[in-house]
Amino acid sequence: MATFSQSTVDKGSDSVIDFCCSPCLEHKIDQWAEFYCDNCLKFYCANCINLHGQLFGKHVTYGRRETKKWPVPKEVEDFLQKCDIHEGKRPELFCYDHSQLCCTDCSFLNHRQCVKVTLISESVNGPPPDLQRLSRKIQTILVELQRLQNNWDTNMQSLQVSYNEELHEIRQTRQKINTILDEIEKTTLKELDAKMTSLKAALNTDLENCNKLKHELKRLSNAIENIIDKGKAELIFIASKKCLEKIKQSETNLKENSVQVEKILAFQADSDVQQYLSKLSGLGRFVVCTQAIHLQGDPDQVLTVHEKYDVRMNDDGVFESMKNLLRRYSITAVCGLSNDQILVADQYHNYIKLLNHQYIVVSQYQFTAHPHDICQITPSEVAVAVDDDETHAIQFFSMNDGRLVMDTQFKIEHSCFGIARYRKILYLTSETALYTYSISGTRLNKLYEDTTARATVSKCAVSPSGDRIFVTKPKENTVFTLARDGTVLYIFTHRDLQKPSGIHVTAQGQVLVCGSTSRNVLQLDGEGKKKLAILGTLRDSPKTIFYDKSASSIIVGLANTLSFTKILVFKVH
């Protein structure tokens, strides 16, 4: 009987079972086997098989290309011959009533009442099962499970992002409440100061009146002392009348203030405010928002173009002058919105323009810097990557009555030429790196970086499940696929794609990319590994691509100097 020697080698995330060379193992050397001898029932590495051949030239050996003739690895055999319920037991029976393998304990405990329980050795008679079909079914299920796991992993990341967002919102809410309380306190203090000033003014008036009476009475008393024996009748008469008047005023004053009133300030807090705040258990409530995420369709279904037409994108809907038509422009981004509206970015003239379903400009906004890319945030809100030597920002816009309305923005420390979104995560490219940000502008991670040259990271797009990020690399004429942690999964290079610029992923997971130098539009497979089709060739240089699901159209933005066309529309099915 063969002495099976094997090694479990970790390759990536899978455990690969392999045999070790039997002679090497006897010398405590862990060396992979390359051959199996059916006569010796032993395994040999490339070195040991030479010595074996010299000694046993007539023995039958099988190499790596004939592993089907090698014995089943003991670890595999032990794995299969193990009861899933009772440790240390081997399945020896099969219950046809329950279609279950059973060890003796299973048979005694759970299958005593079953009609047909037979030995496995008696059940193997007949045609063998189609293991290849079962293996293919397992592989299909594994793909679906992996996709489901990717969705959960992405949901975990989105959940963490939403936690950080809401934590920021809670602190912002607290800050707003603090600001409101500060304003209330300022108003209350202002009222206190006004009341204090008023009371002080009244007391000062009373003091001044009292001091004035005292002063005048003292002067009258001194005057009487000077004229009382002088015989001046007129002065005596005047003095007497003045004395009577001041005495009357003084007596009135004393009578009015016979009861001394002491005025002090007292604050009466608004009990309603305190009671309301004391009843609150928090600053708000939390709601778990759920959204059904359906698994994407066939990402390798090739789109078929059945019509193509040029769009001049006239601002007035009629004709532009020849001077305007011939001027330079560069449509670097196209994004779909609700109500069949399309938003485009003209980087050369710093405009974003809102188009209706007939591709007529209905609203526009001009920046002081270049708008490079656009991504949809909600059905009526977009984020625009704006960048030049002095400005690096993400600007948000919403649609109101068919018009563009500028909302908030956040600034970043690096350049930004591409933007994509998955749930609450923004993916930003900086020409040499790919970053993730929250919607509020918090930098999360740097997923990828290549500083070997310029234009190593241009535009990006995210798969519907969020498990793959596709990035164009014009400098090397490639498109590379990243995992959500930044690991490079695949690199696509093909002679038909030169200087890839814009890239887009449809809701079905179809990957569309345009080559600015090769002047064409390609569809890649859903993993970004191979070319499926060339959807169209162009006479001008394409800069961006977008699939408009509502119109079943591929929209390509162009960079041009002479042609009248600004965007191309491919009708597909």
Side-chain angles (χ1 to χ4, degrees), residues 164-287 368 393 395-396 398 400 405-411 440-442:
N164 296 335
E165 290 277 320
E166 299 315 310
L167 184 63
H168 176 73
E169 184 64 25
I170 290 171
R171 289 170 176 165
Q172 288 291 101
T173 301
R174 172 59 187 272
Q175 188 59 45
K176 290 177 183 178
I177 293 175
N178 288 344
T179 301
I180 293 172
L181 291 176
D182 289 342
E183 290 298 320
I184 292 174
E185 182 185 12
K186 288 180 182 178
T187 302
T188 306
L189 290 174
K190 186 176 180 180
E191 183 181 351
L192 174 64
D193 291 340
K195 187 69 70 176
M196 185 66 174
T197 301
S198 175
L199 291 174
K200 280 186 173 182
L203 286 175
N204 285 331
T205 301
D206 291 339
L207 284 171
E208 289 175 359
N209 290 336
C210 183
N211 288 332
K212 184 178 179 181
L213 284 174
K214 283 172 60 179
H215 178 69
E216 291 177 349
L217 287 172
K218 286 181 178 180
R219 291 189 64 185
L220 285 172
S221 177
N222 292 332
I224 290 172
E225 292 293 331
N226 289 325
I227 67 171
I228 194 169
D229 295 326
K230 305 300 183 180
K232 296 285 188 175
E234 290 183 6
L235 289 176
I236 292 172
F237 179 82
I238 292 171
S240 66
K241 295 303 181 182
K242 286 190 174 185
C243 286
L244 290 174
E245 179 63 26
K246 292 301 176 185
I247 290 171
K248 182 179 179 181
Q249 291 179 10
S250 299
E251 288 176 343
T252 300
N253 188 284
L254 290 171
K255 185 178 181 180
E256 291 175 353
N257 294 283
S258 59
V259 178
Q260 184 65 40
V261 178
E262 185 179 37
K263 296 180 180 180
I264 60 173
L265 289 170
F267 175 66
Q268 295 179 351
D270 191 336
S271 59
D272 292 340
V273 175
Q274 297 181 22
Q275 289 177 7
Y276 176 76
L277 292 176
S278 65
K279 291 178 181 178
L280 295 178
S281 59
L283 296 177
R285 64 190 184 93
F286 296 99
V287 178
T368 57
Q395 177 72 62
F396 293 87
S398 60
N400 187 6
V405 179
M406 184 176 64
D407 293 332
T408 60
Q409 73 169 359
F410 66 82
K411 295 182 179 180
S440 62
T442 303

In a table with atom names and distances, give each donor-acceptor pair under 3.5 Å that connects a side chain of residues 175-185 to protein atoms at least two apart or in another chain.
from	atom 1	to	atom 2	distance (Å)
Asn178	OD1	Arg174	NE	3.0
Asn178	ND2	Arg174	O	3.4
Thr179	OG1	Gln175	O	2.8

Any residue meeting side chain to side chain donor-acceptor pair (under 3.5 Å) with Asn209, in chain and number order, not counting sequence neighbours: none

Does Gln409 reach the main-chain N or O of Phe396 with its side chain, forming a donor-acceptor pair under 3.5 Å? no

One should read off an interatomic distance between Leu235 CG and Ile224 CD1, to the nearest 0.5 angstrom, of 12.0 Å

Without swapping roles, check the side chain of Ser221 against the backbone of Lys218 for a donor-acceptor pair under 3.5 Å. no

Approximate separation, where rounding is to 0.5 Å, of Glu234 CD and Ile236 CD1: 10.5 Å

By side-chain contact (heavy atoms from CB on, under 4.5 Å), Ala223 pairs with (sequence neighbours left out) none

Checking side-chain contact (heavy atoms from CB on, under 4.5 Å) for the pair Ile247/Glu251: CA distance, chi angles, key distance, verdict? CA-CA 6 Å; Ile247 290 171; Glu251 288 176 343; 3.6 Å; yes

According to the salt bridge (charged side-chain N to carboxylate O under 4.0 Å, His left out) rule, which pairs have a member within residues 189-215, sequence neighbours left out? none

Rounded distance [0.5 Å steps], CG in Leu220 versus NE2 in His215: 10.0 Å

With sequence neighbours left out, what residues match Glu166 under salt bridge (Lys or Arg N to Asp or Glu O under 4.0 Å)? Lys424

By side-chain contact (heavy atoms from CB on, under 4.5 Å), which residues pair with Leu167, not counting sequence neighbours? Tyr163, Arg171

What do you reckon, is CD1 of Ile228 surrounded by more than 12 foreign heavy atoms closer than 6.0 Å? no

Ala201: side-chain contact (heavy atoms from CB on, under 4.5 Å) partners, not counting sequence neighbours: none

Heavy-atom distance under 4.5 Å between the side chains of Thr442 and Asn164, does that happen here? no

Hey, are the side chains of Asp272 and Tyr276 touching, using non-hydrogen atoms and a 4.5 Å cut-off? no

Can you spot which of Leu265, Thr197, Thr187 makes a side chain to side chain contact (heavy atoms under 4.5 Å, CB included) with Leu192? Leu265

Sequence neighbours excluded, the answer for side-chain contact (heavy atoms from CB on, under 4.5 Å) partners of Phe237 is Lys241

With Ser240, which residues qualify under side chain to side chain donor-acceptor pair (under 3.5 Å), at least two apart? none

Contacts of type side chain to side chain donor-acceptor pair (under 3.5 Å), residue Asp270, not counting sequence neighbours: none

Can you list everything that forms a salt bridge (Lys or Arg N to Asp or Glu O under 4.0 Å) with Glu216? Sequence neighbours excluded, please. Lys246

Between Gln395 and Asp407, the two heavy atoms sitting closest are NE2-O, 3.4 Å

